[in-house]
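Keep in mind that the numbers below use all heavy atoms, side chains included, and drop hydrogens, waters and symmetry copies. Note on naming: letters A, B, ... go to the chains in the order of the sequence lines (proteins, then strands), and numbering restarts at 1 for each one.
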Amino acid sequence: MSGSVKDFSEVNRGLSEENAVFEALRCMNCVRPTCMKGCPVCIDIPAFIQQIAERDFAGAAATLKKDNMLPAICGRVCPQESQCEGACILAKKEKPVAIGALERFVADWERKHGMTLPEIAPPSGKRVAVVGSGPAGLTAAAELARLGHTVTVFESLHEAGGVLTYGIPNFRLPKDIVRAEIEQVKALGVEIRLNHLVGRSVSTDELLSYDAVFLGTGAGLPYFMDIEGENLNGVYSANEFLTRVNLMHADCFPEFDTPVKRGCRVVVVGGGNVAMDAARVARRLGGEVTLVYRRRKEDLPARAVEVANAVAEGVQFVCCANPVRVIGEKTVEGVECVQMEMCDLDESGRPKPSCIEGSNFVIEADVFIEAIGQGPNPLLISMLPHLDRARRGNVVVDDDGMTTIDGVYAGGDVATGAATVIWAMGSAKKAAAAIDRHLRRE
Amino acid sequence: MYLVEEATQLADRVFQMWITAPQVARHARAGQFLIIRLDETGERVPLTISAVRGDQVRIIFMAVGKTTEHLSSMKKGDAISDVVGPLGTPSEIERYGTVVVIGGGVGIASTPIIAREAKEAGNHVIGIIGARNKDFLILEDEMTEICDELFITTDDGSKGVHGFASTVLDELCKNQKLDCVWIVGPAIMMKVTSAVTRPYGVKTFVSLNPIMVDGTGMCGSCRVTVGGETKFACVDGPEFDAHQVDFDELMSRQRTYTDEEKASLEHYHHGGCGCCGGDH
Ligand SMILES: Cc1cc2nc3c(=O)[nH]c(=O)nc-3n(C[C@H](O)[C@H](O)[C@H](O)COP(=O)(O)OP(=O)(O)OC[C@H]3O[C@@H](n4cnc5c(N)ncnc54)[C@H](O)[C@@H]3O)c2cc1C
Ligand SMILES: Cc1cc2nc3c(=O)[nH]c(=O)nc-3n(C[C@H](O)[C@H](O)[C@H](O)COP(=O)(O)OP(=O)(O)OC[C@H]3O[C@@H](n4cnc5c(N)ncnc54)[C@H](O)[C@@H]3O)c2cc1C
Ligand code: SF4
Ligand code: SF4
Ligand code: FES
Ligand SMILES: [Mg+2]
């Protein structure tokens, strides 16, 4: 099902109504549904699937919305194979029920047929500030609004959505879908204040004057490799490259003002979903793309389906190699790499790569994109007094998402380090429940 | 939407604009900037916050390309889609003693707010504003009012000292003890001017202007090398210790999109008429 690399339209086209019902009939409606254990927001999976089987699509949508306000997004980007579907009882026997595809089907059906809102509790009179409008912030905001609290979300960018908007490309997650699901959150009464960088546009005192605070600022700080030539023109962090294209629409330059170096030969370093996205975007901008990864192909941390899509779209993989220098005068001319050999297993159970002396080789390139990971943006969290942070910079929270400041909670990537949309949402939901208890206790 | 309250031309291609942006005005400090996006298809462009009054902030900019030209055509009552700020770390204002605040060209825009805060902190403030010729000089009255002493320089001698800000700064360094210097202007001007204070060991700040996108520390477009380390100018700066800055790298990176910038301006002028053979 690989899409055309010429455009940014969605690659996976989703299920038809007939196929959805057919797939739903495969679900055994288990008494102890193991699938639900794999879903961090605990969607009542057998229930919504039964409703699909009965062609009660509106009912299925309502079931989803009880636990997840962003189903069209999750149905598309959740790594279902290691979440709900991985835990489905049928996964071991034949093929798991295509829970993600079904979720997406229902959400898309509802969007076409008119959305309905879940119930909202009477006003509590409490004000909650949510920082960041990524999946964590949106989920916390939606939950708290439903529980009757007055919620204000602060977002520094000019569009809401966090990584959903600036990071994940259109061909995996169309932006009109992100916008529609955000509108739903707003319809619950959540106010989203764009262009507000908390710590700068809103002082920490103002922030802490709310009855409770949820920090969902994500892990947006791009890491660089710290190699020679890294500041040459044409070297991008994946964040910058993807932001230019997804948020600023540089693919439509000069209709849109923001430029991006399209690159004839693009080298991407990294092996996660971010690297796959950067590589696939670069392909769509017309470049020959080589992805360099330091371990073996079977160790790639990206979802298998994303790797397969990248391969199908013509991305070349150079595994067991690592860039050591960017070559060029003022702009990138090549990337010098060294071959890696796999030694003993490390803590994560993967082989530890180490350089092979003298194995250096050069890949010609005019654009070099680094997708080697991100950490929490330190701006706000370093300004909050008494907020404990772990070694990698992420905010320390307890099981309820509470930080070391009373009334301040955190969830999503800022607490866990770069993870997934659904983990961000799961932790936000827990924190929202704890915030609700905190507010009602007072 | 952010309303343009006042728009005037100050000099050839240099414009001043007051914009209502309460969340920026409320917290703005010397040395900080904002980012604007004019409309749905706009890019994000950083501009220094040059003054604040009530809910409004002032920007002063030179029309050099697509966005600043478009901005210069906007009038009182027009709306700007997005304004975010204040961004960046405020100037390190302290009671140093004698400080010099230098602006070159449109960089003069940044000087009043720094000079004023420095004055309020109890410093003796010397201002130097320099431009190509007298028609490009801006904010002379304002700086005269704030500074204890003000020097004017023009490259062609049409007003004030014939020469550069560095000429005056060099004289000052020779004749008295300076405790801190701020220099804001084009990269090359900051490079040359800050070289003057180096032998005297005077603490010198420059305000760097690399290409930015988000301005919040999440893309790395604005990275600059300071003291051998990579810094993100939008959050770690934009002001840095001048004597540690790799200006050549900065200037090279500023030119990354020269071709695209030309195409963008072309496109703006000929607006998608298809006659100039662009990509689309
Ligand atoms: C390119 C890419 C592809 C990915 N693909 C997938 C995928 O396919 N599936 C999946 O499950 N996960 C994927 N992920 C991971 C997933 O997107 C993240 O785990 C998730 O978005 C984290 O959500 P969050 O709400 O914690 O943070 P974010 O989505 O990062 O949102 C944080 C928001 O907070 C804002 N913010 C930060 N600081 C401030 C402040 N001080 N004031 C105001 N606003 C602030 C930011 O601008 C941002 O909008 C991907 C990530 C990337 C980068
Ligand atoms: C912190 C900071 C403060 C600034 N303050 C002022 C100011 O007060 N007044 C003023 O006139 N200018 C200021 N600038 C420069 C201003 O941002 C650029 O002049 C503007 O972006 C030009 O846009 P353009 O489309 O009109 O021109 P373009 O033709 O697109 O660009 C002209 C030149 O401006 C620079 N530039 C382009 N895009 C960007 C960008 N996204 N970010 C930064 N620089 C860019 C490049 O070096 C380019 O060669 C500041 C820049 C920074 C980083
Ligand atoms: S939200 Fe994600 S994990 Fe949960 S059921 Fe849906 S696809 Fe599975
Ligand atoms: S485990 Fe699989 S079969 Fe059982 S209820 Fe869940 S989706 Fe259906
Ligand atoms: S402009 Fe993106 S990190 Fe500074
Ligand atoms: Mg421009």
Side-chain angles (χ1 to χ4, degrees), chain A residues 154-159 162-163 166-167 193-197 199-203 206 217-224 226 230-244 247-262 329-331 370 374 377-380, chain B residues 2 21-24 26-28 32 34-35 37-45 65-67 70 81-88 213-225 230 232 235 246 249-250 252-257 259-261 263-268 272 278-280:
Chain A
F154 296 102
E155 168 56 53
S156 60
L157 292 172
H158 59 263
E159 258 191 71
V163 172
Y166 77 73
R193 286 198 203 151
L194 302 172
N195 298 318
H196 279 68
L197 177 64
R200 295 277 189 243
S201 325
V202 178
S203 70
E206 285 169 274
T217 49
L221 174 76
Y223 294 142
F224 284 90
D226 204 12
E230 206 163 39
N231 291 346
L232 288 169
N233 297 342
V235 180
Y236 289 106
S237 70
N239 266 9
E240 180 184 354
F241 186 73
L242 292 169
T243 298
R244 283 181 180 273
L247 179 70
M248 305 309 298
H249 309 287
D251 53 314
C252 300
F253 179 86
E255 302 299 328
F256 283 73
D257 297 339
T258 305
V260 69
K261 290 288 169 197
R262 285 171 171 261
E329 198 58 42
K330 287 198 162 16
T331 42
E370 298 190 11
Q374 296 111 243
N377 183 331
L379 181 83
L380 172 61
Chain B
Y2 299 82
Q23 90 277 21
V24 186
R26 209 165 336 126
H27 302 282
Q32 292 186 299
L34 47 76
I35 283 186
R37 192 179 71 123
L38 293 183
D39 53 29
E40 283 307 301
T41 59
E43 63 183 339
R44 293 171 65 96
V45 161
K66 177 353 213 47
T67 301
H70 185 175
S81 185
D82 300 283
V83 178
V84 58
L87 301 173
V213 184
D214 60 302
T216 69
M218 68 145 222
C219 78
S221 166
C222 64
R223 59 198 191 279
V224 289
T225 302
T230 295
F232 288 2
V235 286
D246 184 342
E249 180 186 273
L250 171 69
S252 170
R253 286 183 63 77
Q254 283 175 336
R255 287 191 288 269
T256 303
Y257 300 104
D259 295 343
E260 288 84 353
E261 283 153 4
S264 179
L265 191 60
E266 278 276 295
H267 181 81
Y268 177 61
D279 265 350
H280 286 259

Rounded to the nearest 0.5 Å, what separation is found between the CD atom of E255(A) and the OG1 atom of T41(B)? 8.5 Å
In sequence, state the C-alpha distance, the side-chain angles, and the governing distance for E40(B) and H158(A), and then conclude on side-chain contact (heavy atoms from CB on, under 4.5 Å). CA-CA 10 Å; E40(B) 283 307 301; H158(A) 59 263; over 6 Å; no
Between R26(B) and E206(A), does any side-chain N to carboxylate O distance fall below 4.0 Å? yes
If you measure from OH on Y166(A) to SG on C219(B), what distance do you get to the nearest 0.5 Å? 10.0 Å
Under 4.5 Å to a heavy atom of chain A? For V235(B) that would be both
Over all heavy atoms of both residues, which pair between L194(A) and Y2(B) is shortest? Give the atoms and the distance, please. O-OH, 4.3 Å
What part of V202(A) lies closer than 4.5 angstrom to a heavy atom of chain B: side chain, backbone, both or neither? backbone
Under 3.5 Å donor-acceptor, Q23(B) side chain and N195(A) backbone: yes
Among the listed options A28(B), G85(B), A263(B), the residue most often paired with chain A at heavy-atom distances under 4.5 Å: G85(B)
N377(A) side chain vs T216(B) backbone, donor-acceptor pair below 3.5 Å: yes
Min side-chain heavy-atom separation R223(B)-N231(A) under 4.5 Å: yes
I would like to know whether Y257(B) and N233(A) meet side-chain contact (heavy atoms from CB on, under 4.5 Å); could you show each step before the answer? CA-CA 9 Å; Y257(B) 300 104; N233(A) 297 342; over 6 Å; no
Looking only at non-hydrogen atoms, find the nearest pair between G217(B) and P222(A) and report the distance. O-CD, 3.9 Å
Between F241(A) and chain B, with a heavy-atom cut-off of 4.5 Å, which part of the residue counts as in contact: side chain, backbone, both or neither? neither
Part of T256(B) within contact of chain A (heavy atom distance under 4.5 Å): both
If you count heavy-atom pairs within less than 4.5 Å of chain B, which of G234(A), A238(A), P259(A) leads? P259(A)
Contact between S203(A) and H27(B) at the side-chain level, heavy atoms closer than 4.5 Å - yes or no? yes
L232(A) portion near chain B, given a 4.5 angstrom heavy-atom threshold: backbone
Could you tell me whether a side-chain N or O of S237(A) sits under 3.5 Å from a main-chain N or O of G220(B), the two making a donor and an acceptor? no
So, do M218(B) and T243(A) sit near enough that their side-chain heavy atoms are less than 4.5 Å apart? yes
Of the listed D82(B), V24(B), L38(B), T225(B), the one with the largest count of heavy-atom pairs under 4.5 Å with chain A is D82(B)
I want to check something: taking the side chain as every heavy atom from C-beta on, are K330(A) and R253(B) in contact at a cut-off of under 4.5 Å? no
Max heavy-atom pair count under 4.5 Å with chain B, selected residue of Q374(A), K261(A), H249(A): K261(A)
Give the C-alpha distance, both sets of side-chain angles, the deciding distance and a yes or no for side-chain contact (heavy atoms from CB on, under 4.5 Å) between H70(B) and D257(A). CA-CA 11 Å; H70(B) 185 175; D257(A) 297 339; 5.7 Å; no
Considering only heavy atoms, which portion of V83(B) lies under 4.5 Å from any heavy atom of chain A: side chain, backbone, both, or neither? backbone
Most chain B-contacting option - heavy-atom pairs closer than 4.5 Å, from T331(A), L197(A), L379(A): L197(A)
Does the side chain of R244(A) come within less than 4.5 Å of S221(B)'s, by heavy atoms? yes
Is the backbone of M248(A) close enough, under 3.5 Å, to the side chain of R44(B) for a donor and an acceptor to pair up by distance? no
